[in-house]
Amino acid sequence: MTINERVAYIKGLTEGLGLEEGKKETKIINAMLELLEEMAASLTDCEDDIISLGEEVDAISEDLADLEDDIYEDEDDEDDEEECAGCCCNCDDDDECDCEDCDEDIFEFTCPDCGEKLFLDEEVLEAGEIKCAACGKVIEFEIVDEDDLEEIEDDEE
């Protein structure tokens, strides 16, 4: 029930009491009812104004977002070009990353099941396994030093 409806209900209840018009109590009750009606009308106007202001703020916010997109679009494109496109932080150098976000060696690895490129940092190398983001297969590996690899190749010959 709205405030206006509640005031109308109270006004109906007082009219049903059959109060005498000339009595002081009747004058006070009627004055209070008039005050309640004015307050309810004023409150309803305020609520309507708040709703209108909220809609205007939403419209301004959307316009501002569009304006920011238009203004900063060129800067975002430049930032994207400066960013790299290969490792965990998207740099072009797969062996060593010079980005601010990443100051460690990154190694590229291809999933044997789906062919997805995976990028391994030292933490993943120490773990000895990685889960392919594309196919979900867990791939286990062992790190072998180059010297050990040469010895294995010599033994095979």
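Along the sequence shown, residues are numbered consecutively beginning with 1.
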Practice item. Report the residues that fulfil side chain to side chain donor-acceptor pair (under 3.5 Å) with N4, sequence neighbours left out, ordered by chain and then residue number. Key: T44
Donor-acceptor pairs are to be reported for all side-chain atoms of residues 48-60 against protein atoms at under 3.5 Å, with residues two or more places apart or in another chain.
unit_1 : atom_1 : unit_2 : atom_2 : d
S52    : OG     : D48    : O      : 3.2

**Study point:** Pairwise distance CG(L13) to CG(L33) - rounded to 0.5 angstrom
**Key:** 10.0 Å
Review point. Taking atom OG1 of T14 and atom CD1 of I29, what is their separation to the nearest 0.5 Å?
Key: 7.0 Å
Review point. Do L118 and I139 come close enough that some side-chain heavy atom pair is under 4.5 Å?
Key: yes
Practice item. Can you measure from CG (L19) to NZ (K27) and round to the nearest 0.5 angstrom? Key: 13.5 Å
Revision key, fill the gap. Distance col, row R6:CZ vs M1:CE, nearest 0.5 angstrom, shows 7.5 Å
Practice item. To the nearest 0.5 Å, tell me how far E34 CD sits from K11 NZ. Key: 7.5 Å
Check your understanding: Near E68 CD, under 6.0 Å, is it more than 12 heavy atoms from other residues, nucleotides or ligands?
Key -> yes
Review point. Between T26 and E21, is there a donor-acceptor pair closer than 3.5 Å when you use the side chain of the first and the backbone of the second?
Key: no
Review point. Apart from I28 itself, what residues make up its hydrophobic cluster when side-chain heavy atoms of I, L, V, M, F, W and Y under 4.5 Å apart count as a link, directly or indirectly?
Key: M32
